[in-house]
Amino acid sequence: MKDFIIIGAAQAGLSMAYFLKKAQKDFLIIDREDQIGASWLNRWDSLKLFTPTEFNHLPGMDFPAPKGHYPNKFEVASYFKHYAEKFQFPIQLNTLAQRINKADNYFIISTDKGDIKCRQVIVATGPFHIPYTPECHKNISDTIYQVHSNYYKTPNQLQKGPTLVVGGGDSGFQILNEISQNTTETTYFSGSTDIRTLPQEILGKTLWWWFTITGFLSFSKNSWIGKMISHSKQPIIGTDVKSIINRDNVEVVGRTVSAEDHHIQTSTQKLTNIKNIVWATGYKPNFNWITNIELAEDGYPKHHRGISTTEGLYFIGLPWLHTRGSATLGGIKKDAAYLANRIL
């Protein structure tokens, strides 16, 4: 029986493994993918971090790139692989955790490769579980190509003809930017344009440098400032939204209201010429595979800085686990250090 099982081999799971290895604990990381870094490699090809190198370090090993560089998804995946190799973490890939049950003073993790027993479990599966697509997508003709941003890779996937991009977050605008740059066809945008945008650099310093010295990334989610930040609409970082939506081949059509066959009804018009739809509409959490767990209204587990209401069960890598910085690649090490200290 292992002391710990870590479920998930991305930044959260690897950070926890660092501290467990340092404490000479008997643990195993399991992950459903076939390689380290797959969660990043599966995203669209042009994806880049909006945090520069110096804010992307995992504990014990700096990100191998010059200061001020904004890594792409391939560099992040490579970093994870070298990180796992450097510290020789015990990792079992191609293993899907299907259920966690607690039996007396230990846990049974049921996987597609059999059951694993351990004394404590650290769930590091991240916040992106079930790609969310509005119900109306089921009414759309099969001749229109539909893809969620989770499975979108390049504009080469798309059919010839106009594309509708739905969703006004970072992913939505980055994909809108890429598609509209690579076609002369009309690219429609469905989502709010009433958003705040922030540049990646201000007065020669990166945005994250300013965030750090002002303490923006360190406010607890339970503080009044933290509550205000977490409940406000998140700004778009490093993407010039105004210039994108002002392109000749980009047309803003408001919110998507309904759909039937080839007709897509938005708040401003009915679209009848769409050949592709990219749904950049986010994700829903899924923790139903963990038995006897208390969930909050947002669907995430009830916890205090990763310590759940079930003894011996912990979480790492959740949005706002403790602060805004919890959601960043470099911010995970503070959460991991705190959680490891409490566990050990």
Side-chain angles (χ1 to χ4, degrees), residues 43-52 55 68-73 127-128 131-134 146-155 157-158 162-211 214 216-217 228-257 264 266-269 271 274 276-283 319-320 324-325 327-329:
R43 306 299 295 279
W44 68 92
D45 288 350
S46 63
L47 174 65
K48 284 190 174 184
L49 296 183
F50 46 70
T51 50
F55 295 96
H69 173 69
Y70 291 90
N72 61 39
K73 71 170 190 176
F128 304 134
Y132 169 72
T133 306
Q146 299 186 67
V147 62
H148 189 274
S149 59
N150 189 69
Y151 306 107
Y152 169 82
K153 292 293 179 64
T154 75
Q157 286 173 259
L158 307 178
T163 296
L164 172 65
V165 178
V166 184
D170 280 298
S171 298
F173 281 112
Q174 287 184 32
I175 292 172
L176 175 68
N177 179 42
E178 179 175 72
I179 293 175
S180 61
Q181 278 184 324
N182 286 274
T183 181
T184 57
E185 301 276 3
T186 300
T187 307
Y188 296 95
F189 172 69
S190 174
S192 174
T193 56
D194 182 22
I195 54 173
R196 290 179 298 142
T197 60
L198 295 174
Q200 287 184 311
E201 294 188 3
I202 300 174
L203 299 178
K205 298 287 187 180
T206 69
L207 179 65
W208 297 93
W209 183 88
W210 290 105
F211 279 170
T214 59
F216 177 81
L217 299 177
M228 181 180 68
I229 296 171
S230 63
H231 289 98
S232 62
K233 194 170 183 179
Q234 297 302 307
I236 303 299
I237 298 175
T239 301
D240 188 353
V241 171
K242 187 175 181 180
S243 69
I244 295 171
I245 62 178
N246 284 333
R247 286 177 185 160
D248 291 340
N249 67 329
V250 173
E251 186 171 341
V252 178
V253 294
R255 187 171 61 90
T256 297
V257 178
I264 314 296
T266 75
S267 57
T268 65
Q269 61 181 288
L271 305 175
I274 298 299
N276 310 280
I277 302 177
V278 180
W279 298 100
T281 41
Y283 300 81
W320 279 92
R324 173 66 178 83
T328 65
L329 186 59

Can you tell me if Thr281 uses its side chain to pair, donor with acceptor, with the backbone of Tyr132 under 3.5 Å? yes
Would you check if the side chain of Thr328 reaches a backbone N or O of Gly325 as a donor-acceptor pair within less than 3.5 Å? yes
For atom CG of Asn246, decide whether the heavy atoms of other residues, nucleotides or ligands shown that lie under 6.0 angstrom number more than 12. yes
Give me each pair satisfying side-chain hydrogen bond (donor to acceptor under 3.5 Å, both in side chains) with a member in residues 162-173, each pair once, sequence neighbours excluded. Thr163-Asn276
Going by the rule side chain to side chain contact (heavy atoms under 4.5 Å, CB included), which residues pair with Glu178 if we only count those two or more places apart in sequence or in a different chain? Ser46, Tyr152, Pro155, Asn182
Which residues pass the side chain to side chain contact (heavy atoms under 4.5 Å, CB included) test with Asp45, sequence neighbours left out? Lys73, Phe74, Lys153, Thr154
Nearest-0.5 Å distance, [atom1] of residue [X] to [atom2] of residue [Y]:
X      : Y      : atom1 : atom2 : result
Thr133 : Trp279 : OG1   : CH2   : 7.0 Å
Ile264 : Ile274 : CD1   : CD1   : 7.0 Å
Ile179 : Ile244 : CD1   : CD1   : 11.5 Å
Leu158 : Ile277 : CG    : CD1   : 11.5 Å
Tyr70  : Phe55  : OH    : CZ    : 9.0 Å
Thr239 : Lys48  : OG1   : NZ    : 11.5 Å

Does any non-hydrogen side-chain atom of [Y] lie less than 4.5 Å from one of [X]?
X      : Y      : result
Val253 : Phe189 : no
Leu47  : Gln174 : yes
Thr268 : Val252 : no
Ile245 : Phe173 : yes
Val166 : Val278 : no
Leu176 : Thr187 : yes

Can you run down the salt bridge (Lys or Arg N to Asp or Glu O under 4.0 Å) pairs that involve residues 237-251, sequence neighbours left out, and say none if there aren't any? none
Contacts of Ser190 that satisfy side chain to side chain donor-acceptor pair (under 3.5 Å) - sequence neighbours left out: Thr256
For Val257 and Thr266: C-alpha separation, side-chain torsions, deciding distance, then whether side chain to side chain contact (heavy atoms under 4.5 Å, CB included) applies. CA-CA 5 Å; Val257 178; Thr266 75; 5.5 Å; no
Of the non-hydrogen atoms in [X] and [Y], which two are nearest, and what is the gap between them?
X      : Y      : answer
Pro71  : Thr51  : CD-O, 3.7 Å
Trp44  : Ser149 : CE3-O, 4.2 Å
Ser192 : Asp194 : OG-N, 3.1 Å
Glu185 : Asn249 : O-ND2, 3.3 Å
Val241 : Thr197 : CG2-CG2, 3.6 Å
Pro131 : Tyr151 : CG-OH, 3.8 Å

Taking only residues two or more places apart in sequence, or in another chain, which ones meet Tyr283 in a ring pair (Phe, Tyr, Trp, His ring centres under 6.0 Å)? Phe128, His148
